[in-house]
Colleague: 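Okay, here's the structure, questions in a sec.
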Amino acid sequence: MKAVLVLNKDQVTSWLNKLMQDYQVFAPVKEADYFSFKQIDSGDQATLEYRNSKTPPKEVLFPRSENLFCYHCEKNGVQLTEQIDESKKVIVGLRPCDAQSLLLLDKAFSNDKYQDPYYLTRRNNTLLVGLGCNEPATTCFCTSLGGGPFSTGGLDLLLVDTGNQYVVEVLTERGQELLSGMELPTATREAQEAARMVKEGATLSTQLDLTGLKSRLDVNFYDPIWDQIHEKCLGCAACTYSCPTCHCFDIVDEVEGKDGCRVRHWDACMFPLFTLHGSGHNPRPTGKERFRQRVMHKFKYFMDNFNAIACVGCGRCIINCPVNLDIREVLTEIQGAEARSDK
């Protein structure tokens, strides 16, 4: 960390307006009774007094729908126009768990087998200003996945709310550039102590012990537990669409006359059509197989491929599930099945 500064809350609007001179700025915006990350065109549209967004800010980098390229067909050939977004962006006010989720998405979109230029171009041109969690929700369990309410992984700046001001932790050189021209004072000892007290007071009500979960999943693909554990699931995919690490997609051509675009849309392993073959065969024909896939992908397959769990403990899947299917209870039951199967 290069510096610890102080930003008064009455300076936030002017700071965001200043950032908009050079960047597209995305921030939490209130919509009805929830918050989501939107591009703002005025600093007063942002609301940093919020617990967490209904959907994750990952869609700034991995949009719900995006044109990969467009084309125009003529008798003498086809003209292609690639649609890579090279604009400079700043996401302001995202929680540390969401910053951690982008580090996981990096593994999926940039590895020795696959480089996604659409995601990576946005990622390289986007700066992240985190907002620590003073009061984690009862559904949060980020500390069980190696994170925390004030984790700094992946961030350029971290804001710590101490009342009428933010203590700003400058984490990267690019983060320092976001504050250029603001002439913010260095945090006093009292301000840093206030930030420390806020961090110590941010406790989570849930702490999962995931020891042995991976080894259990390595061998329980055919375990009878899957016959019961999925039964409440409706297959609505609210969990996947609100998850900051899910990255399934479909690609389709949308054509009208001689013009068309190849479009990437979010998809979900919870949908029956996701694995439907052209032959009509579906290797995941029921909710059991699809629910098993979701759990296996996050806590086994991603570990196999990238040595990391594809979950950050944000709790959105718990909050948004219409039938109160709690992933924490699912993981606990799977771990408990090991003892039952050994009897």
Side-chain angles (χ1 to χ4, degrees), residues 1-9 11-28 37 39-40 43 46 48 56-58 60-62 84-111 115-133 142 146-162 165-189 191-196 198-199 244 308 312:
M1 186 171 63
K2 299 182 178 180
V4 181
L5 309 174
V6 169
L7 174 69
N8 290 328
K9 288 189 174 180
Q11 295 177 287
V12 171
T13 297
S14 60
W15 176 47
L16 295 179
N17 287 333
K18 185 175 183 301
L19 289 178
M20 279 182 274
Q21 297 173 12
D22 299 306
Y23 301 91
Q24 293 179 358
V25 178
F26 295 80
F37 278 81
Q39 183 177 351
I40 60 174
L48 298 185
K58 75 173 181 185
V60 177
L61 307 180
F62 175 42
I84 293 182
D85 179 4
E86 297 182 338
S87 57
K88 296 167 62 179
K89 301 176 174 61
V90 183
I91 305 177
V92 177
L94 79 166
R95 297 300 185 181
C97 58
D98 286 329
Q100 178 66 26
S101 76
L102 297 181
L103 296 178
L104 296 171
L105 288 181
D106 291 348
K107 298 177 184 294
F109 287 115
S110 178
N111 53 68
Q115 297 284 314
D116 188 301
Y118 305 94
Y119 172 87
L120 292 176
T121 301
R122 290 190 184 93
R123 183 72 160 106
N124 293 333
N125 290 332
T126 302
L127 283 78
L128 305 179
V129 179
L131 177 63
C133 299
C142 60
F150 295 89
S151 294
T152 58
L155 293 171
D156 296 290
L157 298 173
L158 176 66
L159 308 181
V160 182
D161 187 346
T162 59
Q165 62 186 16
Y166 295 106
V167 172
V168 184
E169 298 180 10
V170 181
L171 304 168
T172 67
E173 291 184 3
R174 294 209 303 172
Q176 181 68 61
E177 292 173 4
L178 293 177
L179 301 172
S180 63
M182 291 296 292
E183 299 182 355
L184 300 181
T186 299
T188 63
R189 181 177 298 178
Q192 294 190 52
E193 177 63 16
R196 186 186 68 80
V198 166
K199 292 180 181 181
V312 294

Colleague: If every non-hydrogen atom of Ala308 is compared with every non-hydrogen atom of Leu104, which pair is closest and at what distance?
Modeller: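 Closest heavy-atom pair between Ala308 and Leu104: CB-CD2, 3.8 Å.
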
Colleague: Please identify each residue that fulfils side chain to side chain donor-acceptor pair (under 3.5 Å) with Gln39, with sequence neighbours left out.
Modeller: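 With neighbours one apart ignored, the set is empty.
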
Colleague: Please say which of Thr172, Leu7, Thr152, Val129 ends up in a side-chain contact (heavy atoms from CB on, under 4.5 Å) with Leu157.
Modeller: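 Testing Leu157 for a side-chain contact (heavy atoms from CB on, under 4.5 Å) against Thr172, Leu7, Thr152, Val129 leaves exactly one candidate, Val129.
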
Colleague: Would you name the heavy atoms of Leu102 and Tyr119 that are closest together and state the gap between them?
Modeller: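 Looking at all heavy atoms of both residues, the shortest contact is O-OH, 3.4 Å.
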
Colleague: I'd like to check the side chain to side chain contact (heavy atoms under 4.5 Å, CB included) partners of Ile84; sequence neighbours left out, ordered by chain and number.
Modeller: Glu82, Glu86, Pro117, Tyr118, Thr121

Colleague: When rounded to the nearest 0.5 angstrom, what is the spacing between CG in Leu158 and CG in Asp156?
Modeller: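 The CG atom of Asp156 is 11.0 Å from CG of Leu158, to the nearest 0.5 Å.
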
Colleague: With sequence neighbours left out, what residues match Glu183 under side chain to side chain contact (heavy atoms under 4.5 Å, CB included)?
Modeller: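 Side chain to side chain contact (heavy atoms under 4.5 Å, CB included) list for Glu183, sorted by chain: empty.
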
Colleague: Pair up each side-chain donor or acceptor in residues 16-23 with any protein partner under 3.5 Å, not counting sequence neighbours, and list the distances.
Modeller:
unit_1 : atom_1 : unit_2 : atom_2 : d
Asn17  : OD1    : Gly43  : N      : 2.7
Asn17  : ND2    : Thr13  : O      : 3.3
Lys18  : NZ     : Ser180 : O      : 2.7

Colleague: Specify the closest pair of heavy atoms between Leu131 and Pro96, including all atoms of both residues, with the distance to one decimal.
Modeller: O-CD, 3.4 Å

Colleague: Measure the shortest side-chain to side-chain distance between Asp116 and Phe62 over non-hydrogen atoms and say whether it is less than 4.5 angstrom.
Modeller: no

Colleague: Could you tell me whether a side-chain N or O of Arg174 sits under 3.5 Å from a main-chain N or O of Leu128, the two making a donor and an acceptor?
Modeller: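 A pair under 3.5 Å: no.
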
Colleague: Could you report the tightest heavy-atom contact between Gln165 and Ala191, atom names first, then the distance?
Modeller: NE2-CB, 4.0 Å

Colleague: Using salt bridge (Lys or Arg N to Asp or Glu O under 4.0 Å) as the criterion, list what pairs up with Asp98, not counting sequence neighbours.
Modeller: Arg316

Colleague: Listed by chain and number, what are the side chain to side chain contact (heavy atoms under 4.5 Å, CB included) partners of Ser14, not counting sequence neighbours?
Modeller: Gln11

Colleague: Looking only at heavy atoms, what is the nearest atom pair of Val170 and Gly175, with distance?
Modeller: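 Nearest pair, atom of Val170 first, then Gly175: CG1-C, 4.4 Å.
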
Colleague: Within the structure provided, determine whether Lys89 and Val60 are in side-chain contact (heavy-atom separation under 4.5 Å).
Modeller: yes

Colleague: Where do Ala3 and Gln176 come nearest, in terms of heavy atoms and distance?
Modeller: CB-OE1, 4.4 Å

Colleague: Do the side-chain N and O atoms of Tyr166 and Asn8 include a donor-acceptor pair separated by under 3.5 angstrom?
Modeller: no

Colleague: Does some side-chain heavy atom of Leu155 sit less than 4.5 Å from a side-chain heavy atom of Leu94?
Modeller: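 They are in side-chain contact.
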
Colleague: Let me see the working for Glu169 and Arg196 under salt bridge (charged side-chain N to carboxylate O under 4.0 Å, His left out), right down to the final yes or no.
Modeller: CA-CA 12 Å; Glu169 298 180 10; Arg196 186 186 68 80; over 6 Å; no

